[in-house]
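No experiment lies behind these values; they were computed from the predicted model shown. This chain uses plain numbering: 1 for the first residue, then up along the sequence.
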Amino acid sequence: MSTYREFRAQSYRRRRRRKLQRFGLILLIALLLCALAWFIVRIIEGPAEADSSSSETSLSQPASDSTQSSSQPSSQPESSSQQTPSISQSELWSTVENPEQTINTAGIISASAKMLSLPENGKVSLSYFDDAVFFGDSITTGWRSYTSDTGLPNAKVVAEISVSPPANGEVWQTSKDTEPYDPIVQVYSYRPKKIYMMFGTNVLVNETAAAEDKLVSDYAAVIDLLRERLPDVEIYVQSILYPTAKGVESRPGLNPERISRVNDRLAAMAVQKGCYYLDLASYLCRDNVLNYDIAQPDGIHVVPDGYRAWVDYLQRHTVYRNDSEFIETATQGQESAIPAKNPDTRWDEEAQRQAEWEAAESAAAQPPAASSAPAASQAASTPAA
């Protein structure tokens with residue numbers, strides 16, 4: 001037994017000695033590498049120091065020459081004494097102008113709607129929207145029609161069909177039988193604490209580049225008008241929704257590339273104006289296409305199920321306030337409430353829906369036959385979006 005214990009002790013001592021030898025070898029190699037690096041740096045910096053010392057000598061030489069020339073007795077006429085005095089080195093450096101700023105002149109570089117959008121911040125109760133106003137075009141009018149479906153019976157809606165940001169004193173009119181009204185005054189009359197804005201679809205129908213500039217400038221002007229009357233209001237700028245393929249076909253100005261570009265500009269404008277940008281399009285539109293389960297037949301407007309998902313997004317993307325009533329904590333990376341579709345079947349579903357819609361329109365346009373009168377009357381009564 002003693003022999004085995006001695007063997008174990010000797011083995012332990014040998015292992016410890018080998019470890020110490022390895023550690024010493026590694027330490028020695030590290031010291032040699034440090035010394036080699038220091039030696040290389042000294043070799044590289046040597047010529048640089050020599051060049052800097054020679055440049056300093058050359059800069060000081062003109063000053064010493066001028067001093068010697070000024071110390072000599074003046075044997076020339078008085079005109080020679082009125083020559084321009086020599087400029088010292090410090091005065092010479094003070095004449096150098098500051099370099100011109102070439103980047104970050106606009107405050108935001110490469111604005112991205114996704115990067116500038118308001119992040120998820122827990123889920124508030126529906127009472128959070130009791131003092132909110134939804135301000136926009138025909139897509140926003142859906143809030144007035146589906147308040148019972150979305151659970152927002154107290155929501156205030158200022159929206160009309162075929163309107164754009166009222167930046168130049170435009171008046172709106174619900175129908176020919178109603179009186180025109182000033183939408184800015186109407187929003188102010190509700191004394192809201194939050195305003196949710198969505199404009200752009202009607203403006204971008206115009207395919208010119210000037211239409212994009214007008215939309216962004218009018219949007220900013222409307223925000224300024226609202227700030228004048230409601231300085232403490234929270235303004236949420238919602239992204240423009242992407243249409244389906246049929247919507248783009250009927251209105252080429254609403255193509256995905258253009259809407260992405262305009263949404264980036266709206267996000268940058270919102271941040272510069274002290275507003276909050278909501279990237280709603282990434283929630284309701286998968287792959288830059290309005291989800292077909294929530295799209296109206298025109299491919300642009302939204303069905304009631306879409307507004308329920310819309311409410312869920314707004315509940316989870318709000319500015320934190322001490323008096324806000326949160327019913328859920330924030331869950332980063334939460335999936336959209338809209339179920340995902342197989343990309344191979346989504347296009348087939350859209351084609352089928354378009355075919356059914358076009359068949360209904362053609363059936364309504366043809367003279368009804370005796371046997372198909374009920375079907376034709378039913379197709380003709382289908383409401384437009």
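- In this structure, CD1 in Ile223 is found 5.0 Å from CE in Met197, a value given to the nearest 0.5 Å.
- Side-chain contact between Thr140 and Asp137: present, with at least one pair of heavy atoms (C-beta onward) separated by less than 4.5 Å.
- Looking only at side-chain heavy atoms (C-beta outward), Ile184 and Arg229 come within less than 4.5 Å of each other.
- A side-chain N or O of Ser282 and one of Asp279 form a donor-acceptor pair less than 3.5 Å apart.
- When the side chains of ILVMFWY residues are joined at heavy-atom separations under 4.5 Å, either directly or via intervening members, Leu126 and Tyr320 end up in a single hydrophobic cluster.
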| query | Step by step, would you call Thr318 with Leu314 a side-chain contact (heavy atoms from CB on, under 4.5 Å)? | reply | CA-CA 7 Å; Thr318 60; Leu314 296 183; 5.9 Å; no

| task | Would you sort out whether Val158 and Phe134 count as a side-chain contact (heavy atoms from CB on, under 4.5 Å), showing the intermediate values? | result | CA-CA 6 Å; Val158 180; Phe134 293 89; over 6 Å; no

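- Both tests hold for Arg191 against Tyr188: distance to the six-membered ring centre under 6.0 Å, angle to the ring axis within 45°.
- For Ile327, the CD1 atom is densely surrounded, since the number of other residues' heavy atoms within 6.0 Å is greater than 12.
- For Arg14, the CZ atom counts as densely surrounded, since its 6.0 Å shell holds more than 12 non-hydrogen atoms of other residues, nucleotides or ligands.
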| request: Check the pair Asn263, Ile259 against side-chain contact (heavy atoms from CB on, under 4.5 Å), reporting the backbone distance first and the verdict last. | output: CA-CA 6 Å; Asn263 278 339; Ile259 290 182; 3.5 Å; yes

| task | Give the C-alpha distance, both sets of side-chain angles, the deciding distance and a yes or no for side-chain contact (heavy atoms from CB on, under 4.5 Å) between Leu254 and Ile300. | result | CA-CA 9 Å; Leu254 301 179; Ile300 296 176; 3.9 Å; yes

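- For the atom pair SG of Cys285 and CG of Leu290, the computed distance is 5.0 Å after rounding to the nearest 0.5 Å.
- With respect to Cys275, the side-chain contact (heavy atoms from CB on, under 4.5 Å) criterion is satisfied by exactly one of Met269, Glu234, Arg227: Arg227.
- Tested against Gln238 for a side chain to side chain donor-acceptor pair (under 3.5 Å), the candidates Tyr276, Tyr313, Trp310, Tyr196 yield a single pass: Trp310.
- The backbone N or O of Tyr181 lies less than 3.5 Å from no partner atom in the side chain of Gln186, so there is not a single donor-acceptor pair.
- Looking only at side-chain heavy atoms (C-beta outward), Arg251 and Pro243 stay at 4.5 Å or farther from each other.
- Under the 4.0 Å criterion applied to side-chain N and carboxylate O atoms, Asp298 and Lys246 are not assigned as salt-bridge partners.
- Leu33 and Leu25 fall within the same hydrophobic cluster, where Ile, Leu, Val, Met, Phe, Trp and Tyr residues are linked whenever their side-chain heavy atoms come under 4.5 Å apart, directly or through other members.
- Using modelled atom types, one side-chain atom of Ser239 and one backbone atom of Leu280 make a donor-acceptor pair closer than 3.5 Å.
- Here the shortest heavy-atom pairing between Lys273 and Ala220 reads CE-CB, 3.7 Å.
- Both Val319 and Val311 are assigned to one and the same hydrophobic cluster, defined by single-linkage of ILVMFWY side chains at heavy-atom distances under 4.5 Å.
- Hydrophobic clustering (side-chain heavy atoms under 4.5 Å, transitive across Ile, Leu, Val, Met, Phe, Trp, Tyr) keeps Leu20 apart from Leu28.
- Atom CG of Leu31 is separated from atom CD1 of Ile26 by 12.0 Å, given to the nearest 0.5 angstrom.
- Two residues are said to be in side-chain contact when any heavy atoms from C-beta on lie closer than 4.5 Å; Leu215 and Val262 meet this criterion.
- Formation of a donor-acceptor pair under 3.5 Å by the Tyr219 side chain with backbone atoms of Leu266 is not found in this model.
- For the pair Phe129/Thr150, no side-chain contact is recorded, criterion being any heavy-atom separation below 4.5 Å from C-beta on.
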| request: Let me see the working for Tyr236 and Tyr277 under ring pair (Phe, Tyr, Trp, His ring centres under 6.0 Å), right down to the final yes or no. | output: CA-CA 6 Å; Tyr236 295 84; Tyr277 179 77; over 10 Å; no

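- Judged by distance alone, the side chains of Asp177 and Ser175 never bring a donor and an acceptor atom under 3.5 Å apart.
- The two atoms that bring Gly306 and Leu284 nearest to each other are O-CD2, 4.2 Å, heavy atoms only.
- Put simply, OG on Ser164 and CG on Asn206 are 11.5 Å apart, with the number rounded to the nearest 0.5 Å.
- With hydrogens and angles disregarded, no donor-acceptor distance shorter than 3.5 Å links the side chain of Gln21 to the backbone of Lys19.
- Side-chain heavy atoms closer than 4.5 Å link hydrophobic residues (I, L, V, M, F, W, Y) into clusters, and following such links, even through other members, never connects Ile240 to Val248.
- Between the side chain of Glu170 and the backbone N or O of Ala167 there is at least one donor-acceptor pair closer than 3.5 Å.
- A salt bridge between Arg258 and Glu212 is present, with a side-chain N of the basic residue lying under 4.0 Å from a carboxylate O of the acidic one.
- Atoms CG and CE, on Leu241 and Met198 in that order, are 4.0 Å from each other to the nearest 0.5 Å.
- Cation-pi geometry between Lys123 and Tyr128 is not met: the NZ or CZ atom fails to fall both under 6.0 Å from the ring centre and inside 45° of the normal.
- Leu226 places a side-chain heavy atom less than 4.5 Å from the side chain of Ile195.
- Pairing each heavy atom of Gly136 with each of Trp172, the nearest pair is O-CH2, 3.8 Å.
- Here Thr174 contributes atom OG1 and Arg144 contributes atom CZ; the two are 6.0 Å apart, rounded to the nearest 0.5 Å.
- In Gln10, the CD atom is crowded: over 12 heavy atoms of neighbouring residues, nucleotides or ligands sit closer than 6.0 Å.
- Between Glu160 and Ser138 there is no side-chain heavy-atom pair separated by less than 4.5 Å.
- Looking at Gln315, its side chain does come within 3.5 Å of a backbone N or O of Val124 through a donor-acceptor pair.
- Under a 3.5 Å cut-off, the side chain of Asn255 and the backbone N or O of Pro252 do form a donor-acceptor pair.
- Side-chain contact between Tyr242 and Val289: absent, with no pair of heavy atoms (C-beta onward) separated by less than 4.5 Å.
- Under 4.0 Å is where a charged nitrogen must lie from a carboxylate oxygen, and between Asp131 and Lys156 no such pair does.
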